[in-house]
Novice: 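My questions all concern the structure below.
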Amino acid sequence: MCTIIAIFGGDVAPLIVAANRDEYVARAAGPTDVFQSTPRIVAGRDQVSGGTWFGATATGFFAGLTNQRGWTAPAASISRGAVVADILRGGSTDAALDHLATLDAGSIAAFNLLFGDSKRLHVAYARPDGVRIQELPPGIHVLANDELGSETMPKTRHAEGLAATLLDGPTDLPSVCTGLEVLLADESEPPTELVPKPPPKSALSHAMAVHLQRLCIDPVRFGGLYGTRSSNVLAIGSTGVLHHRTSDSIPTSHGFRDVTALYA
């Protein structure tokens, strides 16, 4: 149940993105580092597919993906992480739009994608019947494992509220980014009645479905099998990346490290 929070068009920076990646612990992944030198991309690396789930370019273009929630294992011939890597290699919103227009959505498991720069922000929903794309206005946007505004994802409304409160305080960039690191470690659960029950044949209990609506998921609660694996706080300005700090594990137990210099 990954979460991506975008603060777009604000006074602190043109675009600030905070994201948690939730994944099976057994799926090997490399830390956020130089993913590719030319063009310069900084991202984590999925060591299974070779792709990524979140990254940015030295010129200030980012992309982040969440899997679309489903109750059965998807069949696909194209890696979702490879799509993100290809979009980052394109390095711009226009190139991303062109790539998504030619994507064979029937050959890839469903996903949701946020991408943009200091001037434009888009969300894309890839489903078996095609890809829908929407340009987003300035504001706070929270993408989890369903479309923006989904009633089945109460964690998104919780994150929106936390981000809005954060922006009511000191609004210098370091303070906001530090506040977002704290936000990503939030382990609050929504009221049980707000979370839909899994289908009758699902191996997931309703209690576990509620737990998955936390912004930060401790793998210990899933027997060490699944949880928050990495976190990122990224700020982008008109000249490129202004700030990027990352945690290579659950943010409640491992501190963030600064990787901004990797874009140089």
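Predicted model only: the values in this text are computed from it and were never measured. Numbers here simply count residues along the sequence, with the first being 1.
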Novice: Please step through side chain to side chain contact (heavy atoms under 4.5 Å, CB included) for the pair R45 and D33, ending with a clear verdict.
Specialist: CA-CA 8 Å; R45 187 182 299 274; D33 205 337; over 6 Å; no

Novice: Closer than 3.5 angstrom, by distance alone: can the side chain of R89 be matched with the main-chain N or O of Q36 as a donor-acceptor pair?
Specialist: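 Such a contact is absent between R89 side chain and Q36 backbone.
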
Novice: Would you confirm whether Y125, through its side chain, and G130, through its main-chain N or O, come within 3.5 Å as a donor-acceptor pair?
Specialist: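 Side chain of Y125 to backbone of G130, a donor-acceptor pair under 3.5 Å: no, none is there.
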
Novice: Pair up each side-chain donor or acceptor in residues 2-20 with any protein partner under 3.5 Å, not counting sequence neighbours, and list the distances.
Specialist:
unit_1, atom_1, unit_2, atom_2, d
T3, OG1, K155, NZ, 3.0
N20, OD1, S231, OG, 2.5
N20, ND2, L184, O, 2.8
N20, ND2, L215, O, 2.9

Novice: Are R214 and E187 ion-paired here, with the side-chain N under 4.0 Å from a carboxylate O?
Specialist: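 E187 and R214: salt-bridged.
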
Novice: Side chains of T165 and D168: do they bring a donor and an acceptor to under 3.5 Å?
Specialist: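 T165 vs D168: no donor-acceptor pair found between side chains.
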
Novice: Using 30° and 60° as the class limits, which term best fits the ring planes of H211 and F222: parallel, tilted or perpendicular?
Specialist: tilted

Novice: State whether the side chain of R229 and the backbone N or O of R27 hold a donor-acceptor pair below 3.5 Å, judged by distance alone.
Specialist: yes

Novice: Under a 3.5 Å cutoff, is there a donor and acceptor pairing between the side chains of R69 and T152?
Specialist: yes

Novice: May I ask you to list the residues sharing a hydrophobic cluster with V25, side-chain cutoff 4.5 Å, ordered by chain and number?
Specialist: none

Novice: Could you verify whether a donor N or O on one side chain and an acceptor N or O on the other, from Q68 and D146, lie under 3.5 Å apart?
Specialist: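 Result is yes, a qualifying pair exists.
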
Novice: Quick one about S188 and D186 (side-chain donor to acceptor, distance below 3.5 Å, no hydrogens or angles considered), yes or no?
Specialist: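 The criterion, which ignores hydrogens and geometry beyond distance, is satisfied for S188 and D186.
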
Novice: So H244 and F54, would you call those rings parallel, tilted or perpendicular, with 30° and 60° as cut-offs?
Specialist: perpendicular

Novice: Is a side-chain donor-acceptor pair under 3.5 Å present for D22 with T228?
Specialist: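 The criterion, which ignores hydrogens and geometry beyond distance, is satisfied for D22 and T228.
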
